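Predicted, not measured: the structure shown is a model, and the values here were computed from it. Numbers for residues simply follow the sequence, beginning at 1.
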Amino acid sequence: MKILSLILIALMIPSMAQAHTLFAPEGKTLKVHWAVLEAKPGKMSDMAAISVRTVAKFTPNEPGSYALYGAVDRNNPDIMRILEVYEDEAAYEIHRASEGFKAFIEERKPILESLTLLPVDPIVLEQKKEGTGKSVLMTMIEVKPENLDDFKALITQEFSRAVAEVPGVMAMFATSEKGERSNVIHILEVFADDEAKQEYSQSEKYKSYRKETDTMSESRSNIENSPANVKLSPKGLHLSPDGQELSVFPLGNPNTAFAQYFDGQSYLAPVSTEQVGIFNVTFEPGCRNHWHIHHAKSGGGQILIAVAGRGWYQEWGKDAIEMRPGTVINIPANVKHWHGAAKDSWFQHLAVEVSGEETSNEWCEAVSPEDYALLK
């Protein structure tokens with residue numbers, strides 16, 4: 001049980017930082033795009049001043065405007081690129097209808113050379129809860145189509161880790177173009193300063209990540225930016241009803257791949273994909289998965305380690321077991337069970353996949369709402 005011991009030790013070590021994921025509440029879909037503004041020669045500073053005087057006054061009061069982070073191209077100071085994230089299309093329209101945005105459009109007309117909007121899909125949107133970044137790096141990567149899924153998994157893991165573990169890494173966003181160019185990835189990295197950016201780029205974990213992902217890419221180009229002043233917004237960090245942090249592990253993204261096997265909203269974040277699979281699973285209050293079985297000819301099964309909130313675990317024919325931070329559940333192979341949050345609490349647990357021979361998962365019926373309602 002060496003792996004389990006190492007996990008338990010890690011839980012007792014306070015985290016230096018916290019990674020938070022921007023995502024839309026259930027029933028909504030993030031609206032994400034890149035805005036590329038080109039000013040007439042020498043007029044970008046005027047454009048920025050207009051933005052501060054107009055649209056910047058209204059955006060902080062727009063609940064659905066999650067992030068407008070960007071910077072000016074160091075090699076072409078007439079170009080500014082901004083990554084914009086909204087709760088959904090309706091939130092974007094509210095932003096566009098604001099007095100400040102309308103004023104921005106009018107005042108910039110004499111100095112705006114061109115404007116391009118590039119709609120994208122989010123891959124990973126991780127940031128610290130608060131802080132300011134002075135150094136911004138943007139990157140475009142063309143990934144080999146056959147490696148796209150693996151690339152997305154690795155970049156999600158690395159960006160979540162970096163924001164959580166490295167104090168100077170303020171935000172790491174990766175997006176993919178829509179349609180036939182979905183293998184073209186656009187990245188925004190925000191650092192506390194240039195020193196923090198340099199320290200991260202020289203770290204062994206980053207080098208390992210680059211070594212693995214560079215072989216998956218056809219091309220890579222960086223855009224260095226002039227010193228910026230990116231103030232992180234806490235909007236879009238739907239961690240809990242009161243906005244408090246849950247655990248030292250990243251929340252991850254909505255668990256859409258397995259949504260059909262869950263009642264309620266859950267989120268999934270890979271913690272480690274080496275040696276054994278370890279995933280942080282977050283359940284909103286009342287969320288639970290269906291009855292299921294981890295089949296194996298030998299070995300197999302799963303280990304659950306509760307890290308935040310309060311939840312339940314139950315095996316078929318037995319009473320439910322309450323789970324609180326520190327609770328460890330060893331699930332044998334071929335045992336029918338379910339697990340999830342209490343009705344009135346968010347819940348997080350690490351799921352450790354135990355290796356075995358001829359392993360597979362079988363999803364069964366949903367937990368009876370009547371039986372779940374009896375759990376206190």
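In terms of modelled atom types and a separation under 3.5 Å, the side chain of S345 and the main chain of A342 share no donor-acceptor contact. Without hydrogens or angle criteria, T213 side chain to Y209 main chain gives a donor-acceptor distance under 3.5 Å. No donor-acceptor pair closer than 3.5 Å links the side chain of S217 to the backbone N or O of S219. Checking side-chain atoms of S182 against main-chain N and O of K178 turns up no donor-acceptor pair under 3.5 Å. No donor-acceptor pair closer than 3.5 Å links the side chain of R108 to the backbone N or O of E106. Remark: side-chain polar atoms of R74 are paired, donor with acceptor, to backbone N or O of N225 under 3.5 angstrom. Of the possible donor and acceptor atoms, none in the side chain of K235 sits under 3.5 Å from a partner among the backbone N and O of G64. Between the Q314 side chain and the K318 main chain, a donor and an acceptor come within less than 3.5 Å of each other. The closest donor-acceptor contact from the side chain of T359 to the backbone of G356 lies at 3.5 Å or more, if one exists at all. The backbone N or O of R220 lies less than 3.5 Å from no partner atom in the side chain of N222, so there is not a single donor-acceptor pair.
Put simply, the side chain of V335 reaches to within 4.5 Å of the side chain of E315, judged on heavy atoms. Between H186 and T139, every side-chain heavy-atom pair lies at or beyond the 4.5 Å cut-off. In this structure, V85 and L30 have side chains that are in contact, with non-hydrogen atoms separated by less than 4.5 Å. Side-chain contact between N183 and E142: present, with at least one pair of heavy atoms (C-beta onward) separated by less than 4.5 Å. Contact of the V136 side chain with the E189 side chain is not registered, since no non-hydrogen atoms from C-beta on lie closer than 4.5 Å. A 4.5 Å side-chain heavy-atom check between K207 and Q202 finds at least one atom pair inside the cut-off. Looking at Q302 and H339, their side chains come closer than 4.5 Å, going by heavy atoms from C-beta outward. Considering only heavy atoms from C-beta on, R81 comes within 4.5 Å of M138 through its side chain.
In the hydrophobic cluster analysis, where Ile, Leu, Val, Met, Phe, Trp and Tyr join through side-chain heavy atoms closer than 4.5 angstrom, I293 is grouped apart from Y261.
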Intermediate values then yes/no, salt bridge (charged side-chain N to carboxylate O under 4.0 Å, His left out), E107 and R53: CA-CA 10 Å; E107 292 191 36; R53 187 171 64 251; 2.4 Å; yes
Intermediate values then yes/no, side-chain contact (heavy atoms from CB on, under 4.5 Å), W363 and N289: CA-CA 9 Å; W363 290 97; N289 52 32; 4.0 Å; yes
Chi angles and distances behind the ring pair (Phe, Tyr, Trp, His ring centres under 6.0 Å) call for F58, H95: CA-CA 8 Å; F58 287 81; H95 170 73; 9.6 Å; no
Verdict with supporting geometry, K197 and E224, side-chain contact (heavy atoms from CB on, under 4.5 Å): CA-CA 11 Å; K197 181 176 69 174; E224 297 287 345; 2.9 Å; yes
Derivation and outcome, side-chain contact (heavy atoms from CB on, under 4.5 Å), residues E353 and V276: CA-CA 6 Å; E353 305 298 326; V276 295; 5.7 Å; no
Steps toward side-chain contact (heavy atoms from CB on, under 4.5 Å) verdict (V36, L115): CA-CA 6 Å; V36 182; L115 169 64; over 6 Å; no
Check against salt bridge (charged side-chain N to carboxylate O under 4.0 Å, His left out), K31 and E89: CA-CA 6 Å; K31 165 79 173 179; E89 184 70 36; 3.4 Å; yes
Audit row: E99, K57, salt bridge (charged side-chain N to carboxylate O under 4.0 Å, His left out) steps and yes/no: CA-CA 10 Å; E99 294 180 23; K57 293 182 179 180; over 6 Å; no
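Using a 30° and 60° split on the angle between ring planes, H337 and H294 fall in the tilted class, from 30° to 60°. Relative ring orientation between W291 and W338 is described as perpendicular, the plane-to-plane angle rising above 60° on a 0-90° scale split at 30° and 60°.
Judged by distance alone, the side chains of T175 and W34 do bring a donor and an acceptor atom under 3.5 Å apart. Judged purely by distance below 3.5 Å, without hydrogens or angles, the side chains of Y86 and E84 pair a donor atom with an acceptor atom. Using a 3.5 Å distance cut-off with no hydrogens or angles, the side chains of Y313 and E322 do not pair a donor with an acceptor. D193 and S135 share no side-chain donor-acceptor pair at under 3.5 Å. Side-chain contact check for Y69 and Q127: at least one donor-acceptor pair (N or O, by modelled atom type) lies under 3.5 Å. N229 and K134 form a side-chain donor-acceptor contact under 3.5 Å, judged by distance and modelled atom types alone. Between the side chains of H290 and E365, no donor N or O sits under 3.5 Å from an acceptor N or O.
Checked against V32 for a side-chain contact (heavy atoms from CB on, under 4.5 Å), the options P122, S176, P119 give a single hit: P122.
Ion pairing between K28 and E87 holds under the 4.0 Å rule for side-chain N and carboxylate O. For R210 and E158, the salt-bridge test fails: no basic side-chain N is under 4.0 Å from an acidic carboxylate O. Ion pairing between a basic and an acidic side chain is recognised when a charged N comes within 4.0 Å of a carboxylate O; K43 and D78 show no such pairing.
Few gaps surround CG on D214; more than 12 heavy atoms of other groups in view lie less than 6.0 Å from it. More than 12 heavy atoms of other shown residues, nucleotides or ligands fall within 6.0 angstrom of atom CD in E218. Within a 6.0 Å sphere centred on CD of E38, heavy atoms belonging to other residues, nucleotides or ligands number more than 12. In K102, the NZ atom is not crowded: 12 or fewer heavy atoms of neighbouring residues, nucleotides or ligands sit closer than 6.0 Å. In the displayed structure, E195 atom CD is contacted under 6.0 Å by at most 12 heavy atoms of other residues, nucleotides or ligands.
From S208, atom OG reaches atom CG of L154 across 9.0 Å, with rounding to the nearest 0.5 Å. Atom CD of Q198 is separated from atom OG of S201 by 4.0 Å, given to the nearest 0.5 angstrom. Between L118 atom CG and T116 atom OG1 the span is 9.0 Å, to the nearest 0.5 Å. Summarising the geometry, atom OG1 belonging to T59 is positioned 9.0 Å from atom CZ belonging to F101; distances are rounded to the nearest 0.5 Å. Put simply, CG on N255 and OH on Y267 are 10.0 Å apart, with the number rounded to the nearest 0.5 Å. Between L37 atom CG and I82 atom CD1 the span is 5.5 Å, to the nearest 0.5 Å.
S272 approaches Q157 most closely through the heavy-atom pair CA-NE2, 4.2 Å. Between L112 and M47, the shortest heavy-atom contact is CD1-CE, 3.7 Å. For the residue pair E126 and S160, the shortest heavy atom distance occurs at OE2-OG, 3.2 Å. Heavy atoms only, all atoms of each residue included: T54 and A103 are closest at CG2-CB, 3.8 Å.
Taking the ring centre of F347 as origin, the terminal cationic atom of R310 falls outside the region bounded by 6.0 Å and 45° from the ring axis. Remark: R161 is not positioned above the aromatic ring of F159, lacking an NZ or CZ atom under 6.0 angstrom from the ring centre and at most 45 degrees off the axis.
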